[in-house]
Amino acid sequence: MKTINVQLDDVIMVDGKQITELNIRKPTVRDLKMSQSAGSELDRSLKLIGDLAGLAPDQVDRLSLTDLDKVNQEMVTANFIPSAQTQPSR
């Protein structure tokens, strides 16, 4: 399965190790379905990113907002997820 590496601007600590990049795999339908169990749209997005990067929810919460935006942009660029402009309204 295709993966992308996203360099973080702000290091996060995971299990006592400094993480400077995230390796994110391409999502599957199952990943999307599993993320739907989270509450808000933000929670669903964070769950999906955590699952794809192998991070626990509290570890995803350590990402800076600029790094979260960077991850989202890289996922759109890699055609892992649709851009917000092309997502159908619900």
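Being a predicted model, the structure only gives us computed values, none of them experimental.
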Return all side-chain donor-acceptor pairs below 3.5 angstrom for residues 15-23, not counting sequence neighbours, or 'none' if the list is empty.
from, atom 1, to, atom 2, distance (Å)
Asn23, ND2, Asn5, OD1, 2.9

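Under the 3.5 Å distance criterion, the side-chain polar atoms of Ser45 are left unmatched by any main-chain donor or acceptor of Glu41.
Other residues, nucleotides and ligands contribute more than 12 heavy atoms inside 6.0 Å of the CG atom of Leu42.
Residues that satisfy the side chain to side chain contact (heavy atoms under 4.5 Å, CB included) test with Val6, not counting sequence neighbours, are Ile4, Ile24, Lys70, Val71, Glu74. In this structure, Thr3 has no side chain to side chain donor-acceptor pair (under 3.5 Å) partners at least two apart in sequence or on a different chain. The salt bridge (Lys or Arg N to Asp or Glu O under 4.0 Å) search around Arg44 returns none, not counting sequence neighbours.
Tracing side-chain contacts under 4.5 Å through hydrophobic residues (I, L, V, M, F, W, Y), one reaches Leu8 starting from Leu48; they form part of the same cluster. Hydrophobic cluster membership is shared by Val14 and Ile49, with clusters built from Ile, Leu, Val, Met, Phe, Trp and Tyr side chains linked at under 4.5 angstrom. Placement of Phe80 and Leu46 within a single hydrophobic cluster is found when ILVMFWY residues are connected by side-chain heavy-atom separations under 4.5 Å, directly or transitively.
Counting only residues at least two apart or in different chains, salt bridge (charged side-chain N to carboxylate O under 4.0 Å, His left out) contacts with residues 45-55 comprise Lys47-Asp51. Listed by first then second residue, pairs satisfying side chain to side chain donor-acceptor pair (under 3.5 Å) with a partner in residues 53-64 read Asp10-Ser64, Asp58-Arg62, Ser64-Thr66, Ser64-Asp67, not counting sequence neighbours.
The closest side-chain heavy-atom distance from Lys33 to Thr28 is not below 4.5 Å.
Taking CG of Leu52 as the start and CZ of Arg25 as the end, the distance is 5.0 Å to the nearest 0.5 Å.
Electrostatic pairing of Lys26 and Asp31 does not count as a salt bridge here, judged by no charged N lying under 4.0 Å from a carboxylate O.
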